[in-house]
Amino acid sequence: MLGLVILSSFISIILIAFKTIIEPKLSHTIVLSMGIGLNAVILFVAFQAPDVALTQAVIGIGISSVILLMGLKHLGGNYES
Amino acid sequence: MSLKRTIPMTTVSGFGVSAVFILTILNILMQNMPSNIYRAGDELLKLNATDGVANSVTTVVVYFRGFDTLGEIAVLFIASLGIGLMLTNNNLNNISQENSNFMLQIGAKLLSPVIFIFGLYIMIYGHLSVGGGFQGGVIIASGILLLLISSNGFHISHKFVEIFETLAGVSYVVIGLIGLIILDSFLGNFLPYDISKMGLLLSGGIIPIIYIIVGIKVGSEMSVIVDNMLKRNIDD
């Protein structure tokens, strides 16, 4: 069961990362990178590193994505990569 | 149309160089099998029990590598200072003066106390369970972000937050210097730490105190960063 969770997280990290690269809108890219961080949290918990998982959830997903979105708003909104 | 394609010389040489590199790394790894590698981390984790702290990660981050944590806080302070300098503009006004969604206002009133209590728990119990000062401070800053974007007339006073931040930074260095005077090592554990009290809230000597100080400093810095980033141009 744990192996299945780890395998699905690995596969979804790779798929979301590919989607993040080919996504044209920058704001969508930031939200997709939050998905990569979420799967990384599942992997950290599965590999018994709860401290790293909490740090990734709070800093990697939460505050840094919000700061990136606010910076994108300062740049003027509809940027395309 | 010929199927034979000409491969550029740079691609071939790149592949060659990477193959040599990978073979070298594999050669080094084969010679030093894991049984021969000296495990420095295990020696440190054996020392962990002598400090009476249940969470070994906290011991490593705050005690064995306490000076690195001081440097990380300094880096965060410089980042906060840079964002403050970059966004200083008279044309910017605060977003909290505008009206926001009704659902967001009610949800922020409901959720923000829970977020603050959770952040304080993570901060204070950092030496017993997962988390610690960094994570707790950022959780508190995200609660302040929720209050700021919900515009219940909430604004943080920069002077008040700066006093908090300065006191936390100064007390970190002062605790380190007291350890230097008493025990001849910077950030020495000069308070009593009994191994029999491992797992209690008051255990581990100065380690929980330092993690709470780190939490206050990180929380105030992240709040200032978020408040500076939320300001927007009047022209928009």
Side-chain angles (χ1 to χ4, degrees), chain A residues 1-3 5-6 9-10 13-14 17-18 20-21 25-81, chain B residues 54-62 72 76 79-80 82-83 86-87 89 91-92 95 115 118-119 121-123 125-146 148-149 211 215 218-219 221-233 235-236:
Chain A
M1 185 60 204
L2 189 65
V5 170
I6 292 173
S9 295
F10 263 126
I13 278 184
I14 292 167
F18 191 69
T20 311
I21 295 170
K25 283 196 79 167
L26 267 186
S27 53
H28 293 190
T29 308
I30 294 168
V31 176
L32 279 169
S33 66
M34 288 165 80
I36 297 176
L38 201 62
N39 283 296
V41 168
I42 295 171
L43 280 182
F44 286 139
V45 173
F47 290 131
Q48 297 181 356
D51 288 86
V52 190
L54 190 63
T55 314
Q56 169 74 17
V58 169
I59 298 172
I61 302 176
I63 212 90
S64 73
S65 313
V66 171
I67 287 178
L68 279 175
L69 282 173
M70 288 192 289
L72 197 64
K73 200 170 184 182
H74 270 281
L75 283 175
N78 290 319
Y79 265 71
E80 296 207 350
S81 58
Chain B
N55 187 357
S56 54
V57 178
T58 302
T59 320
V60 173
V61 169
V62 178
E72 282 170 24
L76 198 60
S80 160
I83 288 176
M86 222 168 65
L87 296 176
N89 190 353
N91 274 333
L92 300 176
I95 196 173
I115 293 175
F118 181 62
Y121 172 81
I122 293 281
M123 200 196 283
Y125 282 74
H127 61 300
L128 301 179
S129 57
V130 296
F134 258 93
Q135 292 90 329
V138 176
I139 288 171
I140 287 177
S142 63
I144 287 178
L145 168 73
L146 184 63
L148 279 172
I149 61 175
Y211 233 7
V218 171
E221 276 163 2
M222 292 307 287
S223 310
V224 170
I225 288 178
V226 162
D227 186 47
N228 276 328
M229 293 289 283
L230 267 178
K231 287 174 181 166
R232 65 159 61 155
N233 225 321
D235 303 335
D236 288 352

Inset, instruction - Please report the shortest heavy-atom distance between A:I67 and B:M222, naming the atom on each side. - result: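 Smallest interatomic distance, heavy atoms only, reads CD1-CE, 4.3 Å.
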Inset, instruction - Sequence neighbours left out, what passes side-chain hydrogen bond (donor to acceptor under 3.5 Å, both in side chains) with B:S223? Give chain and number order. - result: none
Legend entry - Residues from residues 44-52 of chain A approaching chain B under 4.5 Å (heavy atoms): A:P50, A:D51
Legend entry - Check: A:I63 and B:I225 side chains under 4.5 Å, non-hydrogen atoms: no
Legend entry - Region of B:I83 that comes under 4.5 Å of a non-hydrogen atom in chain A: neither
Legend entry - Interatomic spacing from CE in A:M70 to CG in B:L145 - rounded to 0.5 Å: 6.0 Å
